[in-house]
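The basis for the numbers below is simple: all heavy atoms, side chains too, and nothing from hydrogens, waters or symmetry mates. In what follows, every chain begins at residue 1, and chains take the letters A, B, ... in the order their sequences are listed.
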Amino acid sequence: MSRYDAREIERKWQDAWEAAEVFRARHDPSRPKYYVLEMFPYPSGRIHMGHVRNYALGDVIARFKRARGFNVLHPRGWDAFGLPAENAAIEKGVPPAEWTYRNIEAMRAQMLPLGFSIDWSREFATCDPEYYGQQQALFLDMLDAGFVTRKAAVVNWDPVDMTVLANEQVIDGKGWRSGAPVERRELTQWFFKISDMAGELLEALDGLEAWPEKVRLMQRNWIGRSRGLQFAFETEGAPSGFEALEVYTTRPDTLWGASFAAVSPEHPLARALEGDPAVAAFLAECRALGTSEEEIETAEKKGFDTGIKVRHPFDPAWELPVYIANFILMDYGTGAIFGCPAHDQRDLDFARKYGLPVIDVFAAPDSEARVEAEAFVPTKTEPVDYLRPVALGPDNSSRMTGEQALDGAIGFCEERGLGAGVVKYRLRDWGLSRQRFWGCPIPVVHCSACGVVPEKRENLPVRLPDDATFDKPGNALDHHPTWTRTTCPACGGAARRETDTMDTFVDSSWYFARFTAPGAATPTDAAEADYWMNVDQYVGGIEHAILHLLYSRFFARAMKATGHLPAKAIEPFDALFTQGMVTHETYSTPGADGRPLWREPGEVVRDAAGARLADGTAVEIGPSTKMSKSKKNVVDPDEIIARYGADTARWFVLSDSPPERDVEWTAAGAEAAHRHLGRVWRLAHESGADGPGEAEAGAALTRAAHRAIRDVTADIEGFAFNKAIARLYELTGAIGKASAAPADERRAALRILAQLTAPMTPHLAEDIWIAAGGTGLVAEAPWPVADESLLTEARVTLPVQINGKRRAEIVVPSGSDAAAVEAMVLADAAVLRVLNGATPRKLIVVPNRIVNVVL
RNA sequence: GCGGACGUGGCGAAACGGUAGACGCGGCGGACUUAAAAUCCGCUUCCUUCGGGGGUGUGGGUUCAAGUCCCACCGUCCGCACCA
């Protein structure tokens, strides 16, 4: 072999790793474990550069920790249930299981050449009956333990996917997957009672110090804690059963500014009035308006005066009208509010429209201004002057912050029995029922005699049928001729299976625990879970910042409560890293209809002057965006591996940007990465001069190698992989220039380079390790340790600033004390020239760094 | 509107409050070659009268010293939002 042949090298070392079972994770209590996990992929059929980056990042950590002496668990599986498989079944007639497993085969075949240090013996797919059967067992345990409930609920109905969506899966009023506007339907649904855990899930965020602050903040906002007053208005003229109207408010301090009350169109009171044709017409109008929050938000505020009155809690003689209003959400608080137009823009718009009074409760300090067109809504931490406080502030003044006023108002109302301070959360229960075929069947049966009955544990898994047909819309399980027929586990009579399957977020909420014992006959194995949990480092995309991570945190708690995880695992991910995307320039030529015609990078010839097609057509270069099929700015990992090898792809996605930021894939960058690896290969294989060499050059090289050990180690630990790579470029350059160094020292430096580069380019590292006289596998070699005595230079160059401007530099022995440095500075010719006879007022000497002369 | 992140050469980016621009891309020059490719070496923030002078979005401030800390503003991106 006379040049760098990535393909041959990579195949050879992958075989060697496999033969030695280097990456097989074995329970070994004598060694500290380290569990590194990347978010598992959906088997769409092809891997993309985003996968390569995600797994390259995780592999650096896994290989580094292994070299540092940890017993590393680095597994991979497949998030295999979901709609695309059913869509394929509908469109192409391929059974979902066949489509899915075929995709898994294809993607695994694409992944293996990348040489990730995965323990493939633990691989599973969530659609394996062995996995989802355990998930069913887990579900039954959670049902027994009270974490699951079944309730009639207004649900988000996706009319395209024909399924129910969790609130969390509705984005801007549209289904997160289909993008179709969501409709509202009432169904009986299965729920995980995650809202019961809202407070705990919120508080525990504080302990997740190795999570990005951004993710913790997003979860905090999602859980949405608020404190306020819940109280009941006494009603006048309401139907029987509605003598009181429960209201929740976060601003009880504005009660003196109340001018109306309003209920949601879905409020029971509104429904009770629906017999009135006018009410019915208004409610119909509200429903026709659409149900997305976005539509509700942008619609004109409309209300219907019910004629009912409520008494103001502070003054029974003061009556407020009760409206049904289209902007009140049933899901938040009690679905009923009081309106304070002066301090809420929605209420103000509403009051202006219906001629209701606007009563100022507070104003900016010392301001005479009163609310006109815009409501006055200061932050709750800002002090304001209360014109009519419910209670005075802490210092008996009417000037206080909203928070102080809130405390005072809650206290005032509680003392008089007018209401209670309560904490509410925005987080709602997690609806897990899906009316789809390709998911984990919910293991219960419906018996006409016994009602809803859990399936017996010994009958698990409740398997999906292999012979479903997809010629009708809706749930193929419902259409199956025999699958739904079963016997009741309680009475033995004829019964019908539940045909709802589970949200795929359930599958991904515990897979990390299953990896600790993928073959166990129970969901987890206590000893294995105790040894391997928690995930020490989780790596994935920011798009999962809320749903997947919140659900997993909930599941971990429920699994602890049901005996499936140890107490330490209630927060399953000790550290989280969210990586950026892989982007690429976009290329387009003018299309016939005036819209851009997107061009693949392969069609485009790019040079300094611009870009054009092979036939010379000018190509417009657009901004670099996430690689996507629609814009065709996609680079296929297969092609890159075929042309340059896996190490080049790995090196490039790690090298150019910090991992949390987006990285732009460029053809020139990939070329450069490959060129560098070729250079490393040549350095190891070209026959350097034998013989004694020059001791000084050897010493300098050895020092450079040990500095690289120190720096690369620190950079990897700090996730600064781009900086680690910069240090490796430097070390490579130093070896290349050290042709005069003794051969032994040169080879020692090459072995250090092999070890330091192994997390990024593991195949090439093995190759140069052997070439430089290493024994065994780098993948099994301990991480090198820097020799402290080699890290300091004998002399350092200190810049000398005069009044903060750099004017000279002096060379002093490393570690010189301040007095010695001062003397040298004051004797320096360049310094004396600038001083021009002046006497410095002060000399600041920062040892080994800098000197500043102050005049 | 609220919350957060960010703003540094032609580009991707470095920089415990201590020489701004490490490292890479691109560019320029050179070596090798009949030539090219490959490879290697050097230069590459801007201005400059070659002495220097300016420079990290803008304007202030703190400090011996500010890309870094503080205040205000401008811009970009992300998250949340008629949430009572």
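- When the P atom is compared between B/C23 and B/C41, the two are found 13 Å apart, to the nearest whole Å.
- The side chain of A/R682 lies closest to B/C40 when the candidates are B/G24, B/C40, B/A20.
- Taking only side-chain nitrogens and oxygens, A/R679 comes nearer than 4.0 Å to OP1 or OP2 of B/C40.
- Across B/U19, B/C64, B/G24, the shortest atom-to-atom separation from the side chain of A/N852 is found for B/C64.
- In this structure, the side chains of A/S657 and A/D662 stay at 4.5 Å or more apart for every pair of heavy atoms.
- With sequence neighbours excluded, the residues forming a side chain to side chain donor-acceptor pair (under 3.5 Å) with A/R707 are A/E793, listed by chain and number.
- Taking the P atom of each, B/G67 and B/U19 are spaced 10 Å apart, rounded to whole Å.
- Taking the C1' atom of each, B/G26 and B/U33 are spaced 25 Å apart, rounded to whole Å.
- A/L798 places its CG atom 21 Å from the P atom of B/C64, with the value rounded to the nearest Å.
- The side-chain contact (heavy atoms from CB on, under 4.5 Å) check on A/A232 picks up A/A244, A/E246, with sequence neighbours excluded.
- For A/F577, the ring pair (Phe, Tyr, Trp, His ring centres under 6.0 Å) criterion is met by A/F719, not counting sequence neighbours.
- With sequence neighbours excluded, the residues forming a side chain to side chain donor-acceptor pair (under 3.5 Å) with A/T713 are A/W783, listed by chain and number.
- Annotation: cation-pi pair A/K424/A/Y248 present, NZ/CZ under 6.0 Å from the ring centroid and within 45° of its normal.
- Which of B/C80, B/G4, B/G18 sits closest to the side chain of A/L217 comes down to B/G4.
- The gap from the P atom of B/G7 to that of B/C70 amounts to 14 Å, rounded to the nearest Å.
- For A/Y425, the ring pair (Phe, Tyr, Trp, His ring centres under 6.0 Å) criterion is met by no residue, not counting sequence neighbours.
- Separation of the C1' atoms belonging to B/G61 and B/C77 is 28 Å when rounded to the nearest angstrom.
- Put simply, CZ on A/F338 is 14 Å from C1' on B/C83, counting in whole angstrom units.
- Under the 6.0 Å cut-off for aromatic ring centres, A/Y4 and A/H674 qualify, their centroids lying closer than that.
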Sequence neighbours excluded and cut-off under 3.5 Å, please list the side-chain donor-acceptor pairs for residues 256-264 of chain A, or say none.
residue	atom	partner	partner atom	Å
A/S259	OG	A/P357	O	3.0
A/S264	OG	A/E266	N	3.0
A/S264	OG	A/I328	O	3.3

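- When rounded to the nearest whole Å, the span between CG of A/L654 and C1' of B/A13 equals 15 Å.
- Nucleotides of RNA chain B nearest to A/V851 and A/R675 differ in position, and the one nearer the 5' end is that of A/V851.
- Distances shown here put every side-chain N or O of A/R225 at or beyond 4.0 Å from the OP1 or OP2 atom of B/C83.
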- Query: Along nucleotides 7-12 of chain B, 5' to 3', which nucleotides get a B, which get an S, and which get a -, given that the test is a protein heavy-atom distance under 4.0 Å?
  - Reply: -----S

- Task: Convert the base pairs of RNA chain B into dot-bracket notation, remembering that pairs crossing earlier ones are written with [ ] and that bases paired across to another strand are shown as |; include only Watson-Crick or G-U pairs under 3.5 Å.
- Result: (((((((..(((.....[....)))((((((.......))))))(((....)))..(((((..]....))))))))))))....

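- Nucleotides B/C25 and B/A13 are separated by 10 Å at their C1' atoms, to the nearest Å.
- Applying the side chain to side chain donor-acceptor pair (under 3.5 Å) rule to A/W665 yields no partners; only residues at least two apart in sequence or on another chain are considered.
- Checked against the 6.0 Å centroid threshold, A/Y354 and A/Y323 count as a close aromatic pair.
- When rounded to the nearest whole Å, the span between CD1 of A/I542 and C1' of B/G4 equals 11 Å.
- The glycosidic torsion of B/G27 lies more than 90° away from 0, which places this base in the anti conformation.
- Taking the C1' atom of each, B/U56 and B/A20 are spaced 7 Å apart, rounded to whole Å.
- In B/G42 the O4'-C1'-N dihedral to the base is more than 90° from 0, which defines an anti nucleotide.
- Counting only heavy atoms from C-beta on, A/M218 has its side chain closest to B/G79 among B/G18, B/G79, B/C64.
- For the pair A/S226 and A/V854, nearest-nucleotide mapping onto RNA chain B gives the more 5' position to A/V854.
- Qualifying side-chain contact (heavy atoms from CB on, under 4.5 Å) partners for A/R661, counting only residues two or more places apart in sequence or in other chains: A/P658.
- A/N221 comes within 4.0 angstrom of nothing in the nucleic acid, heavy atoms only.
- In this structure, A/Q801 atom CD and B/A20 atom C1' are separated by 12 Å, rounded to whole Å.
- Heavy-atom distances under 4.0 Å link RNA chain B to A/N722, A/K723, A/A726, A/R727, A/Y729, A/E730, A/K737 of residues 715-737 of chain A, given in residue order.
- The same atom, C1', is picked in B/G17 and in B/A65; the two are 8 Å apart, to the nearest Å.
- For the pair A/R426 and A/W222, the cation-pi test (distance below 6.0 Å, angle within 45°) is passed.
- Distance CE (A/M581) to C1' (B/C78): 10 Å, rounded to an integer number of Å.
- Going from atom CG of A/D347 over to atom C1' of B/A81 covers 15 Å, rounded to whole Å.
- In this structure, A/H676 places its NE2 atom 14 Å from C1' of B/C25, rounding to the nearest Å.
- Considering only residues two or more places apart in sequence or on other chains, A/E664 meets the side-chain contact (heavy atoms from CB on, under 4.5 Å) condition with A/T583, A/E585, A/S624, A/T666.
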